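First up is the structure itself, then whatever we jot down about it.
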Amino acid sequence: QAQLVESGGGLVQAGDSLRLSCAASGRTFSPYAMGWFRQAPGKEREFVAAISWGSGSTCYADSVKGRFTISRDNAKNTVYLQMNNLKPEDSVLYYCAAAYGSNWCSNSGPYRSWGPGTQVTVSS
């Protein structure tokens with residue numbers, strides 16, 4: 001099973017941008033898709049965005065559509081989340097995950113490998 005490590009989180013001001021990265025390691029890495037989720041303390045994990053590892057098709061949560069962009073670099077086994085126009089409500093822990101089944105858009109069920117997370121804090 002792949003090991004995932006996120007990076008790129010930090011403290012920014014409202015309106016700023018951040019780019020999160022998620023690097024996968026392992027002998028072979030061929031998921032159906034890669035996704036980003038986020039979770040605030042005491043709340044359920046929330047889907048953010050996902051991308052097909054093969055076709056590159058994407059899907060987004062309505063709350064981030066138009067502000068966040070997910071992309072991938074298959075050669076580097078890395079997925080990115082470009083976050084623009086950040087808002088204080090985006091201040092949570094962000095996780096990346098690898099899906100090994102279908103129905104990977106907005107559904108956490110197919111995701112089997114998870115990173116430890118990277119914190120994003122947006123000040124107003």
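In this chain, numbering begins with 1 at the start of the sequence shown. As a basis for the values below, the full set of heavy atoms in this structure was taken, side chains included, without hydrogen atoms, waters or symmetry mates. Model, not experiment: these values are computed from the prediction.
Applying the 4.5 Å side-chain rule to ILVMFWY residues, one finds Leu4, Val12, Leu18, Leu20, Phe29, Met34, Trp36, Ile51, Trp53, Tyr60, Val64, Phe68, Ile70, Val79, Leu81, Met83, Leu86, Val92, Tyr94, Tyr100, Val120, Val122 in the same cluster as Val48.
Atom OG of Ser123 and atom CG of Asp16 lie 8.0 Å apart (nearest 0.5 Å). For the atom pair CZ (Phe47) and OG (Ser108), the distance works out to 10.0 Å, reported to the nearest 0.5 Å. The CZ atom of Arg19 lies 7.0 Å from the CD atom of Gln82; values are rounded to the nearest 0.5 Å. The structure places CG of Asp73 at 5.0 Å from OH of Tyr80, a figure rounded to the nearest 0.5 Å.
Side-chain atoms of Ser57 do not come within 3.5 Å of backbone N or O of Ser55 as any donor-acceptor pair. Of the possible donor and acceptor atoms, one in the side chain of Glu6 sits under 3.5 Å from a partner among the backbone N and O of Gly117. Judged purely by atom type and a 3.5 angstrom limit, Arg72 uses its side chain to pair as donor or acceptor with the backbone of Gly54.
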- Task: Apply salt bridge (charged side-chain N to carboxylate O under 4.0 Å, His left out) to the pair Lys87 and Asp90, showing each step before the final yes or no.
- Result: CA-CA 5 Å; Lys87 304 176 181 180; Asp90 296 319; over 6 Å; no
- For side-chain contact (heavy atoms from CB on, under 4.5 Å), just list the numbers for Tyr111 and Arg45, CA-CA rounded to whole Å, side-chain angles, deciding distance to a tenth of an Å, and then say yes or no. CA-CA 13 Å; Tyr111 291 87; Arg45 188 169 52 202; over 6 Å; no
- In sequence, state the C-alpha distance, the side-chain angles, and the governing distance for Glu89 and Ser63, and then conclude on side-chain contact (heavy atoms from CB on, under 4.5 Å). CA-CA 10 Å; Glu89 52 263 40; Ser63 57; over 6 Å; no
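When hydrophobic clusters are built by joining Ile, Leu, Val, Met, Phe, Trp and Tyr residues whose side-chain heavy atoms come closer than 4.5 Å, directly or via intermediates, Val5 is not grouped with Phe37.
Across every non-hydrogen atom of Cys59 and Ser106, the tightest pair is SG-N, 4.3 Å. Contact detail for Pro110 and Ser102: the closest heavy-atom pair is CG-O, 3.0 Å. Taking both residues in full, the closest heavy atoms of Tyr95 and Gly115 are given as CD2-O, 3.4 Å, listed atom of the first, atom of the second, then distance. Nearest heavy-atom pair, Ala14 versus Ser124, reported as atom, atom and distance to 0.1 Å: CB-CA, 4.3 Å. Taking every heavy atom of both residues into account, Ala99 and Pro31 meet most closely at O-CB, 3.3 Å.
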